[in-house]
**Student:** 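Below: one structure in structure tokens.
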Amino acid sequence: MSQSFDYDLVIVGAGVGGHGAALHAVSCGLKTAIIEAADMGGTCVNRGCIPSKALLAASGRVRELRDAYHLKSMGIQIDNVRFERGDIANHANNLVAKIQGDLTNSLKRLNVDIIQGWGKLTGKQKVTVDTPDGEKTITAKDIILSTGSIPFVPPGIEVDGKTVFTSDQAVKLEWLPQWVAIVGSGYIGLEFSDVYSALGCEITMIEALPDLMPGFDRDIAKLAQRVLINPRDIETYSGIYAKKITPGSPVVIELADFKTKEDVDVLEVDACLVATGRIPVTQNIGLDSVSVELDRRKFIPVNDSMAVLSQGEPVPHLWAIGDATGKMMLAHAASAQGITAVENICGRTKEIDYASIPAAAFTHPEISYVGMTQEQAKEVGEAQGFEVGVSKSYFKGNSKALAEGEADGIAKVVYRKDTGEVLGVHIFGLHAADIIHEASAAIANRQSVNSLAHLVHAHPTLSEVLDEAYKRAAVS
């Protein structure tokens, strides 16, 4: 380390991305500090992935044990399944505390300095931290900004944190509303509809765009809607937006047509979850001190090496990762970006490959995907002059899925017809979030369906749905 700096690397934000970057930096021999204004672990550990998956796990068990028809088909009978809301909430809270502690301890063990307070740039290679003990200025050869995101609340929606709330409050499961409206049908809305419906709540799902589950592959969305929404106590609106939401008892929701803006209906419900996406935390972090302007959506502009850009050019020694960059707002994407940034800091040229980063919704059953949708692939194909092929296989033909009595599902492979290169894979079905990684590796290595069709999968396993899809693609 140069003697003129306090640290080799300072990371602003101790979420999953910042944590991953810090661990990798230490393994590369960099003296590292991490600054955190709130809870160690950021959104994922405290208000996102971790507590929501705990709630999904517990509520999923309740759903499974109450599905008398499903259990009876396997010769099992269970009566009077009960649950305690408080104990399910405690399961999530205890998991958060454990993982937050593990994350903090892993940094301390490696001698990463943890500085509590709001960190902001105050010039080149300089950060000022507003700590409980006063303002502290530290210098570093390199700085990584990992400031994360917060839930987006559209205009006209008033959040009180009790009757109208975001996912930040929903993960605490402080009560179970008899009738809950969920604004948004993306992965956050879907996952909470899974939790609430399993625990006996009535749901109204409100989606402003014309189709439910926007952003998901259309074939996947259609089947998922038939399995995750239609048979459950879920009423849906699409092409309709919440023009105004007023907290209280009841919560009053004024609905309007998204295209015409004409009033449609007024709902009175017990509670409302606002699941309309997330916006970056990029204000008051001192970017103006280094002449960096945010893009039109208020994200930090970066290149694929994770260098921060000013007027299209990299700012020396300044990097950004995670939700604040707006590239892929996923915890594991942030971690991958952090490792990429550290590699470049160490002089080893590396660029992130977003095409091979998978994503998942942990509904019952799960949804996962990696790479392009069929529509996206067709656009690229038209621009680059190649045809797109699509191959599908179904869980109904998979021996393991049939043995589990979980035969609803599909695997869809999108590929180039000329070379066979896999462009995207979309899965809906039992353990889809685990199966997707084989496809992620295939895309990362730019593999062809023709070679993948000759891989051997254990039988009987759920992974054979992908094997079958590859084989169908290769012979088409």
**Student:** With a 4.0 Å cut-off, would you call Glu343 and Arg348 a salt bridge?
**Tutor:** yes
**Student:** For Asp418, is there an ion pair with Arg416 - N to carboxylate O distance below 4.0 angstrom?
**Tutor:** yes
**Student:** Check whether any side-chain heavy atom of Thr419 lies under 4.5 Å from a side-chain heavy atom of Phe386, and answer yes or no.
**Tutor:** no
**Student:** Would you check if Ile321 and Ile11 make a side-chain contact, meaning some heavy-atom pair closer than 4.5 Å?
**Tutor:** no
**Student:** Within the structure provided, determine whether Glu404 and Leu462 are in side-chain contact (heavy-atom separation under 4.5 Å).
**Tutor:** no
**Student:** For the pair Ser368 (side chain) and Ala432 (backbone), establish whether a donor and an acceptor sit closer than 3.5 Å, ignoring hydrogens and angles.
**Tutor:** yes
**Student:** Going by heavy atoms in the side chains, are His332 and Val16 under 4.5 Å from each other?
**Tutor:** no
**Student:** May I ask you to check if Lys261 and Tyr241 form a cation-pi contact, with NZ or CZ under 6.0 angstrom from the six-membered ring centre and within 45° of the axis?
**Tutor:** yes
**Student:** Please say whether more than 12 non-hydrogen atoms of neighbouring residues, nucleotides or ligands are located less than 6.0 Å from CZ in Phe258.
**Tutor:** no
**Student:** Between Glu382 and Lys378 (salt bridge meaning N to carboxylate O under 4.0 Å), is one present in this structure?
**Tutor:** no
**Student:** Determine yes or no for a side-chain-to-main-chain donor-acceptor pair under 3.5 angstrom, with Thr363 supplying the side chain and Asp194 the backbone.
**Tutor:** no
**Student:** Counting neighbours of NZ on Lys53 that are heavy atoms of other residues, nucleotides or ligands and sit closer than 6.0 Å, is the number greater than 12?
**Tutor:** yes
**Student:** Tell me whether Glu235 at atom CD has more than 12 heavy atoms from other residues, nucleotides or ligands lying less than 6.0 Å away.
**Tutor:** yes
**Student:** So do the side chains of Val413 and Leu452 get within less than 4.5 Å of each other, counting heavy atoms only?
**Tutor:** no
**Student:** Within a 6.0 Å radius of atom CD on Glu375, are there more than 12 heavy atoms belonging to other residues, nucleotides or ligands?
**Tutor:** yes
**Student:** Any carboxylate oxygen within less than 4.0 angstrom of a Lys/Arg side-chain nitrogen, looking at Lys396 and Asp408?
**Tutor:** yes
**Student:** Any Lys/Arg nitrogen of Arg47 or Asp39 sitting under 4.0 Å from an Asp/Glu carboxylate oxygen of the other?
**Tutor:** yes
**Student:** Applying side chain to side chain donor-acceptor pair (under 3.5 Å) to Glu207 and Ser238, what does each step give before you reach the verdict?
**Tutor:** CA-CA 5 Å; Glu207 173 56 58; Ser238 56; over 6 Å; no
**Student:** Do Arg278 and Thr43 meet the criterion of a side-chain donor-acceptor pair at a distance under 3.5 Å?
**Tutor:** yes
**Student:** If you look at every heavy atom in Leu294 and Pro301, which pair is closest and at what distance?
**Tutor:** CA-CD, 4.3 Å
**Student:** Identify the heavy atoms of Ala377 and Leu423 that sit nearest to each other, and give their distance.
**Tutor:** CB-CD1, 4.0 Å
**Student:** Tell me, do Thr204 and Trp179 make a side-chain contact under 4.5 Å, heavy atoms counted?
**Tutor:** yes
**Student:** Among Val465, Asp219, Leu223, Thr373, which residue satisfies the side-chain contact (heavy atoms from CB on, under 4.5 Å) criterion with Lys412?
**Tutor:** Asp219
**Student:** Evaluate side chain to side chain donor-acceptor pair (under 3.5 Å) for Tyr354 paired with Gln337, printing each intermediate quantity in order.
**Tutor:** CA-CA 10 Å; Tyr354 292 110; Gln337 289 173 323; 2.9 Å; yes
**Student:** Which pair of non-hydrogen atoms, one from Val159 and one from Phe165, has the smallest distance, and what is that distance?
**Tutor:** CG1-CA, 4.0 Å
**Student:** Assess whether a salt bridge exists between Arg63 and Asp67, defined as any Lys/Arg side-chain N lying under 4.0 Å from an Asp/Glu carboxylate O.
**Tutor:** no
**Student:** Measuring only between side-chain heavy atoms, which start at C-beta, is Leu267 closer than 4.5 Å to Ile206?
**Tutor:** yes
**Student:** Kindly check if the number of other-residue, nucleotide or ligand heavy atoms within 6.0 Å of CZ (Arg61) is above 12?
**Tutor:** no
**Student:** Heavy atoms, side chains only, cut-off 4.5 Å: are Pro214 and Ser185 in contact?
**Tutor:** yes
**Student:** Walk me through whether His364 and Ser59 qualify under side chain to side chain donor-acceptor pair (under 3.5 Å).
**Tutor:** CA-CA 10 Å; His364 293 87; Ser59 60; 5.5 Å; no
**Student:** Go through it in stages, so that I can follow the logic: the residues are Ser393 and Glu468, the test is side chain to side chain donor-acceptor pair (under 3.5 Å), and I'd like the CA-CA distance, side-chain angles, deciding distance and then a yes or no.
**Tutor:** CA-CA 6 Å; Ser393 67; Glu468 184 64 28; over 6 Å; no
